[in-house]
Amino acid sequence: MTALVTPLKVPVASNRKADFPGLVGNWAYLDTAATAQKPQVVIDAIAKAYGPDYATVHRGVYERSATMTMRFEEAREKVARFIGAASANEIVFVRGATEGINLVANSWGNRLQAGDRVLLSALEHHSNIVPWQLLRDRTGIEIDVAPLTGDGRIDEAALEALLTPRTKLVSIAHVSNVLGGVVDLARIARAAHGVGALLLADGCQAAPHMSIDVQALDADFYVFSGHKLYGPTGIGVLWARAEILESMPPWQGGGAMIETVSFEKTTYAPPPQRFEAGTPHITGVMGLSAAIDYVEAIGLGAIAAHEAHLVTAAREALGRINSVRLFGPADSAGILSFAIEGVHPHDIGTILDESGVAIRAGHHCAQPLMALLGVPATARASFGIYNDLDDVARLAAGVERVTRIFGTAGTDR
Ligand SMILES: Cc1ncc(COP(=O)(O)O)c(C=O)c1O
């Protein structure tokens, strides 16, 4: 039998695992695309925010609240810098990418009319499909779907060919959560703007893996979730260009989003407060801020290179096992979907779990993509900054074991 993993130099030190208390017990955690483990510095930041620093923001007249408000708004500035936004006022804190897209559909989207078109792609997560279907039910818009290339990327030329003067928005994943392909957003932005449409990029799987510059990409909306970026759950970001946010009506009403309220008439605060009704997820923002510090200290370039090495090693190792089918492009951003002939992905996941390897098995909230691939589900290994070649070797050994248990072919491809 040939070696399952070709030795490669991995740029991010593998002892990163020590930063993550969730990775105790020699666990090969390969489900970072679902949610990332948290470094101790993030957990500490949340504990501090709930402990000695705790107070509300934007309302208190006492010092603790003023300090917390300052940190909260500093975090907004940090997020703006992190994604290359022009101003902190373009950063809206939301629950996650799902809420960010729903916000756009329910606020900006309400200006669309019957016959207007929204262009998606065949690989979108349900959170970038269903909000537009709900909008279609309300307004009568049409939804177009760009096809994929043979290796599972958004077919950029085919997408461009679907643009029409009635297309008002292109809404696509920057990185696919199933196949890991990276789309050329700047190209899509140019094409979308050429017909007067805006571009929303779902950056859920991109923000943890690569450096983002929303201005250089020329996007109009960008969303991501904190929990995939080594931060807490329940916090995420919607970025939109200032002039677009200013033109959008509120989508939820309540405290913090108003200027004045009377029973006759209410006026609204400017963005981003207009879109942040109610007490915000203060501690979540503190955790997200610590997570950004953590990934920036390592460097997004180093993270991207590290994960590229791991995914290459994993493709190579699994590709040698007969009966394993690999999905997606070779240069995927840290994500590898695969299937084993005659074995349900849930069985793959269960057997791998027995040897301490955690992968995801299922439709990954992308049922239209599963239909296109002709499978009900895939097994998915996804890599983060704490993974190393040992995890890849354990994945490959586990998959070999699955093929032995199910009596499918061995490793002599
Ligand atoms: C590409 C993509 N978009 C959107 C989402 C939704 O993210 P959340 O559930 O954090 O809102 C996910 C989560 O898996 C995703 O991978």
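Side chains are part of it too, since the values below use all heavy atoms of this structure and drop only hydrogens, waters and symmetry mates. Along the sequence shown, residues carry numbers from 1. Note that ligands are numbered from 1 as they come in the structure, with each ligand's atoms numbered from 1 the same way.
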(request) Quick one: sort the F20 and Y386 rings into parallel, tilted or perpendicular, breaks at 30° and 60°. (result) perpendicular

Contacts satisfying salt bridge (charged side-chain N to carboxylate O under 4.0 Å, His left out) that involve residues 281-292 (not counting sequence neighbours) are none

Worksheet item: Between H58 and F72, is the ring centre distance below 6.0 Å?
Response: yes

Could you go through ligand 1 and note, for every N or O atom, any protein N or O atom closer than 3.5 angstrom, writing the atom names and distance to 0.1 Å, or 'none'?
unit_1   : atom_1 : unit_2 : atom_2 : d
ligand 1 : 3 (N)  : D202   : OD1    : 3.3
ligand 1 : 3 (N)  : D202   : OD2    : 2.5
ligand 1 : 10 (O) : S225   : OG     : 2.7
ligand 1 : 10 (O) : H227   : NE2    : 2.7
ligand 1 : 11 (O) : A97    : N      : 3.4
ligand 1 : 11 (O) : T98    : N      : 2.9
ligand 1 : 11 (O) : T98    : OG1    : 2.6
ligand 1 : 14 (O) : H125   : NE2    : 3.3
ligand 1 : 14 (O) : K228   : NZ     : 2.5
ligand 1 : 16 (O) : Q205   : NE2    : 2.7

Across all chains, not counting sequence neighbours, the side chain to side chain donor-acceptor pair (under 3.5 Å) partners of D353 are none

What pairs of donor and acceptor atoms, side-chain ones from residues 332-340 against any protein atom, are under 3.5 angstrom apart with sequence neighbours left out?
unit_1 : atom_1 : unit_2 : atom_2 : d
S332   : OG     : I335   : N      : 3.3
S332   : OG     : I335   : O      : 2.5
S337   : OG     : V178   : O      : 2.9
S337   : OG     : T378   : OG1    : 3.1

Check this for me: R95, atom CZ, are more than 12 non-hydrogen atoms of other residues, nucleotides or ligands nearer than 6.0 Å? no

